[in-house]
Amino acid sequence: MSLSRRNWLKASSLFTATLGLGRWNASQAAPGAALPAMPAEAFTKEHLVLPPSAPKLRARLLANENPLGIAPSAKKAIIDSASSGNRYAWSEFGPMKKLIADNEGIKPEHIMMSPGSSDMLLAAAEHFAKGGGTILTCRPTYEDLLKKSTLFGATVKALPLTKEFRFDLPAIQAALTPDVKLVYIVNPNNPTGTILPPAELEAFCRAVAPKAPVFIDEAYIDFLSPTDRPMLGKLVAEGLNVILARTFSKIHGFAGLRLGYAIAQPAMLEAMHQYIGAEHDVSVTTLMAGIASYQDIAWQNHCRTENAKARDFTVKALTEMGYEIIPSYANFMLFPIRMKGKAFSEQMMAQGIGIQTRDIDGQPFCRVSIGTMEEMGMFVDSFKKVVG
């Protein structure tokens, strides 16, 4: 499928004009110009707290959670370790780090565990924003680190994505200046679900990391088959200033259990650690579940396969209705809709379907998480009712 933002926006121009929405044209911007600021109504985690009057959700497709839950082996590990819940996790970090280190081709001292990857984003934001400077990235992308960086005094310079909705690595490299404190990349990207070719990303890191640290948020990397994943741990092993952030919240289903980690140079991990509790905040039960889940390749393959089936089903249904979907490699998808985002999300919520919306260049988009086949059937049925 040949996809481009320009074609979508051209096709939606009449609709956009009818709504009276302004449209920022990336092709008219000066080279290296930043995108407009994200709208104030951009999604945050606080949106997950629904008011008492909200309809009961039949399909919770707004938070990129794993609808299949945690692995049976992880459940057993939680039960078996429950009696140790009165203790802090301590010696258990060793086996967890060894598993990761052996898989990534790094040393255990290159790893810092945390309750999810959000702590790592916070630590990086505070560390690199200290004293001002610029965080260089592309938008739209995951905003957590960027928003926090501005709160701590940094300036965010965000370039447009490519026409394929990927991070524009050549443009980022060309925009490097001495005041850039950190380059931030999300791969697969959120909310687009797009990925960067592994060889291109590796070459980019080798060229840029000696000039500015490269932080790569890989929250959704496990939805790629192991053979398709960029293995960037080797860059850390070689001494490059690359930081990788991972989470168990997605394919492992630990969104409520909270477990994640960063891979970086030991000195960088120590610098980031001063801003967060990190390993001190991980419960022993969660850690033992993580050790079990990390080794449960069969469950990961099952979740990856079921996610792809439900995603393909939804793409086919929407395509048959005349919608173009950005090819996604994660557990969500993004596509343009033909009504205002707020009205669309409210009407979907009234049907008991929770989704997210975005405005990109004045065009409303829907971002829907991939649920079970049953949930995606509900989404498609409700979508048809809402859009007529």
Side-chain angles (χ1 to χ4, degrees), residues 1-9 11-12 26-27 35 38 42-43 61-64 117 136-146 158-173 175 183-205 208 214-232 244-247 250-251 304 307-308 310-312 314-316 318-319 323-337 355-361 363-370:
M1 187 188 307
S2 176
L3 298 169
S4 74
R5 174 167 54 193
R6 181 175 297 176
N7 287 342
W8 278 350
L9 297 177
S12 64
S27 65
L35 280 174
M38 292 295 284
F43 180 85
L61 308 176
L62 45 68
N64 298 347
S117 58
L136 183 59
T137 189
C138 287
R139 273 177 173 152
T141 192
Y142 188 58
E143 288 287 312
D144 197 18
L145 182 148
L146 304 178
L159 308 176
L161 299 175
T162 67
K163 64 180 182 179
E164 295 84 14
F165 290 86
R166 294 174 178 167
F167 268 71
D168 194 334
L169 298 184
I172 292 175
Q173 191 169 346
V183 174
Y184 178 62
I185 293 172
V186 182
N187 187 55
N189 189 29
N190 178 13
T192 63
T194 50
I195 58 171
L196 292 163
E200 291 182 21
L201 183 55
E202 179 180 336
F204 172 85
C205 290
V208 172
V214 180
F215 188 112
I216 305 177
D217 185 342
E218 294 188 321
Y220 301 94
I221 202 71
D222 294 314
F223 286 101
L224 299 178
S225 65
T227 56
D228 295 334
R229 286 180 47 172
M231 298 298 290
L232 301 178
L244 307 176
R246 308 267 181 77
T247 181
K250 307 309 175 185
I251 207 166
R304 192 179 296 116
N307 176 76
R311 186 179 61 203
D312 291 347
T314 311
V315 169
K316 183 175 184 294
L318 293 170
T319 301
Y323 289 85
E324 289 187 277
I325 317 300
I326 300 175
S328 172
Y329 295 83
N331 64 334
F332 56 86
M333 63 178 64
L334 185 75
F335 62 97
I337 53 178
I355 50 86
Q356 289 188 32
T357 58
R358 298 283 198 284
D359 270 10
I360 302 175
D361 294 348
Q363 166 67 51
F365 281 72
C366 169
R367 198 208 74 178
V368 57
S369 302
I370 305 302

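When a residue number appears, it is its place in the shown sequence, counting from 1.
Between the side chain of Asp222 and the backbone N or O of Ile251, no donor-acceptor pair lies under 3.5 Å. With hydrogens and angles disregarded, no donor-acceptor distance shorter than 3.5 Å links the side chain of Gln356 to the backbone of Leu61. Under a 3.5 Å cut-off, the side chain of Arg166 and the backbone N or O of Ile195 do form a donor-acceptor pair.
For the residue pair Asn64 / Ser369, a side-chain donor-acceptor distance below 3.5 Å is found, with atom types taken as modelled. In this structure, a donor-acceptor pair under 3.5 Å is absent between the side chains of Thr194 and Asn189.
Nearest approach of Pro198 to Arg229, heavy atoms of both residues: CG-C, 4.5 Å. Taking both residues in full, the closest heavy atoms of Pro336 and Phe365 are given as N-CD2, 3.5 Å, listed atom of the first, atom of the second, then distance. Closest of all the heavy-atom pairs between Ile360 and Pro140 is CD1-CG, 3.7 Å. Shown here for Pro188 and Tyr329, the closest heavy-atom pair between the two residues is CG-O, 4.5 Å. In plain terms, the two heavy atoms of Pro230 and Glu218 that are nearest each other are CG-OE2, 4.2 Å. Closest of all the heavy-atom pairs between Phe335 and Glu324 is CB-O, 3.4 Å.
Note that OG of Ser328 is 10.0 Å distant from CZ of Arg367, once rounded to the nearest 0.5 Å. Within the model, atoms CG of Leu169 and SG of Cys138 stand 7.5 Å from one another, a figure rounded to the nearest 0.5 Å. For the atom pair Leu244 CG and Leu232 CG, the distance stands at 5.5 Å (nearest 0.5 Å).
Two residues are said to be in side-chain contact when any heavy atoms from C-beta on lie closer than 4.5 Å; Leu334 and Cys366 fail this criterion. You'll find the side chain of Leu161 stays beyond 4.5 Å of the side chain of Thr141, heavy atoms only. When side chains are defined from C-beta on, Leu145 does not count as touching Thr137, because their heavy atoms never get closer than 4.5 Å. Between Arg304 and Pro226 the shortest side-chain heavy-atom distance falls below 4.5 Å. Counting heavy atoms from C-beta outward, Asn190 and Phe332 have side chains that approach closer than 4.5 Å. For the pair Leu159 and Asp168, the minimum side-chain heavy-atom distance is 4.5 Å or more. Counting only heavy atoms from C-beta outward, the side chains of Met333 and Ile326 never approach each other to under 4.5 Å. Side-chain atoms of Ile216 and Leu201, non-hydrogen and from C-beta on, do get closer than 4.5 Å to each other.
For Phe204, the CZ atom counts as densely surrounded, since its 6.0 Å shell holds more than 12 non-hydrogen atoms of other residues, nucleotides or ligands.
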Q) Would Asp217 and Tyr184 count as a side-chain hydrogen bond (donor to acceptor under 3.5 Å, both in side chains) if you check the C-alpha gap in whole Å, the side-chain angles of each, and the deciding distance to 0.1 Å? A) CA-CA 8 Å; Asp217 185 342; Tyr184 178 62; 3.2 Å; yes

Q: Test Phe167 against Leu196 for side chain to side chain contact (heavy atoms under 4.5 Å, CB included), laying out the working first.
A: CA-CA 7 Å; Phe167 268 71; Leu196 292 163; 4.1 Å; yes

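When the side-chain hydrogen bond (donor to acceptor under 3.5 Å, both in side chains) test is applied to Asp228, the partners found at least two apart in sequence or on another chain are Ser225.
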